[in-house]
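Heads up, the thing below is written out as structure tokens.
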There are 2 protein chains.
Amino acid sequence: MNDRIGAGSARAAGKEPTTREALLEAGRELFAAAGYHATSIRSITGSAGANLGAVTYHFGSKEGLYHAVLENALAPFRRVVRVAAESRTAPLEGIEAFLRAFFQHLLDHPELRALMLEQLASEGPLPEPVKRTFRSNFGLLRKLIEAGQEEGTICGGDPRLLAVAVAAQPAVLNLLRPVLEQAGGISTASREDREVIIENAIRFVRAGLGAPGPSSDREAVR
Amino acid sequence: MNDRIGAGSARAAGKEPTTREALLEAGRELFAAAGYHATSIRSITGSAGANLGAVTYHFGSKEGLYHAVLENALAPFRRVVRVAAESRTAPLEGIEAFLRAFFQHLLDHPELRALMLEQLASEGPLPEPVKRTFRSNFGLLRKLIEAGQEEGTICGGDPRLLAVAVAAQPAVLNLLRPVLEQAGGISTASREDREVIIENAIRFVRAGLGAPGPSSDREAVR
DNA sequence: GTCCGTATCATACAAACGTATGAATGATAG
DNA sequence: CTATCATTCATACGTTTGTATGATACGGAC
């Protein structure tokens, strides 16, 4: 059996995707749209233009495909956020870059939202790719905060809890986006909308970290 | 067909629950544990000690039971948060009470986490009870923030976005609790743990709102 | 040419699903 | 008592599910 996990993007290279790649793509979209249990192998193979047996052949089982989809979708997310967080030397700048990359990547890949949320909703232990992703992003943030605390530019307190408080901003803005739109009257449709939102989140975080940074303007009170 | 929606708690009154109530309770637990599609009517009626046909009889269909479960679980949540938010006159005190009630209620009713997350993960429109709950909680927070802005105790900015930033704290602390434990090393097991967490969130929010309130101590820098 | 491993295909199968049906049961009213 | 009603029950039906099976097609090695 062929067990390569990074199938690469044959489509971007102009070549037509292999059956394996088509299954990964169809699986990502359909799992995200309807959830694992509500998505049938038949709908996936149908959408991918593959035979019913293709999932079993290439991934062993429906669950095998699902895990491959998760890994394929989350690995780039980890990479993008890591690169951003490590692109600056000043901790607060790193945190800001982290927030922007986190926010932007989930915006560019809307399927990630449902894919991750479904896992968070289940009771059991998290799948390895999901756990790795959270661990990675969370660790980056914690280190940045600890560095800022040593430097004196970030207020005291448990760095893990501060990391949660910071990551909460892009997390809810993206993971709960449908709620914000349907029940909060907050649209993320236009680029201006999104810029206002991310700038607000960054300002809130800088203030919350006790760090009135350069891009923070909180003279406030209308 | 009997279509009462608030079945009340016969158990608390000492009487043994009716079939209808037993179905609601079993449905709440099982839907939360495994999700809607992965929970069968047979497992629900089995767990409730009822006949296979009981769900169809009392709720019309599996989906009917599901909606009744959602409404039954979310109505008290709305009520508790509303009472807390309106219990104080000072906006910042109201926000603090909101945060504590929000956090505490989700802690007391752990099934709500999975129940809500599954809905947030789906693509389609939110069920009415879920939408109502978010709208209610979100609206309370926005009004408190607007009042604080008029008063001059809360910094400027779009009150809706500030409300999201504030609500993000109890939301991730509870909705993403398994992640925080499994991938963030943050435990909410003991009462001390939880107190440190909620106090940290409140401090972060007060600072983020540009409002160094009475219970905020941000001289900072270790 | 033959051989062989990989991949695709149509089809079959048992299990589980949500729901429908009609008979039994039990309490209440006349 | 009988009649009535809501409820419970066992069972059956038609789908859909994930997976297994065995045949077929293709492509390079020799």
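Chain A is the first sequence line, chain B the second, and so forth, proteins listed ahead of strands; every chain is numbered from 1. As the structure is a prediction and not an experimental result, all values here were calculated from the model.
Rounded to a whole Å, the OH atom of A/Y57 is 7 Å from the P atom of C/dT8. Going from atom CD of A/E21 over to atom C1' of C/dA7 covers 15 Å, rounded to whole Å. Following rounding to the nearest Å, A/E63 (CD) and D/dT19 (C1') show an atom-to-atom distance of 14 Å. For the pair A/L52 CG and D/dT17 P, the interatomic distance rounds to 10 Å; values are reported in whole Å. A/L23 has its CG atom 12 Å from the P atom of C/dA7, to the nearest Å. Taking atom CZ of residue B/F59 and atom C1' of nucleotide C/dG18, one finds them 16 Å apart after rounding to whole Å. If you measure from atom OH of B/Y66 to atom P of C/dC17, you get 17 Å, rounded to the nearest angstrom. In this structure, A/K62 places its NZ atom 9 Å from P of D/dT17, rounding to the nearest Å.
In this structure, B/N51 does not reach the D/dT7 phosphate: none of its side-chain N or O atoms is under 4.0 Å from OP1 or OP2. Contact check, B/T19 against D/dT7: no side-chain N or O comes under 4.0 Å of OP1 or OP2. Dashed line: the shortest gap from a side-chain N or O of B/H58 to OP1 or OP2 of D/dT8 is under 4.0 Å.
Taking a 4.0 Å limit (strictly below) on heavy-atom distances, residues 32-45 of chain B reaches DNA chain C at B/T39, B/S40, B/I41, B/R42.
Donor-acceptor pairing under 3.5 Å is lacking for the side chains of B/R194 and B/T188. Under the 3.5 Å distance criterion, with hydrogens and angles disregarded, no donor-acceptor pair is assigned to the side chains of B/S136 and B/R78.
Annotation: cation-pi pair A/K62/A/Y36 present, NZ/CZ under 6.0 Å from the ring centroid and within 45° of its normal.
Closest to the side chain of B/T56, out of D/dA6, D/dT19, C/dA20, is C/dA20. Proximity note for A/S61 (side chain, C-beta onward) versus D/dT8, D/dA12, D/dT19: the nearest is D/dT19.
Under the 4.0 Å criterion applied to side-chain N and carboxylate O atoms, B/E195 and B/R100 are not assigned as salt-bridge partners.
Below 30°, between 30° and 60°, or above 60°: for A/H105 and A/F77 the angle between ring planes is below 30°, a parallel geometry.
Residues meeting the salt bridge (Lys or Arg N to Asp or Glu O under 4.0 Å) test with A/E86, sequence neighbours left out: A/R82.
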Show me the donor-acceptor pairs, under 3.5 Å and distance only, between side chains in residues 159-173 of chain B and residues at least two apart or in other chains.
| residue | atom | partner | partner atom | Å |
| --- | --- | --- | --- | --- |
| B/R160 | NE | B/D158 | OD1 | 3.3 |
| B/R160 | NH1 | A/G185 | O | 2.5 |
| B/R160 | NH2 | B/D158 | OD2 | 2.7 |
| B/Q169 | NE2 | A/A165 | O | 3.1 |

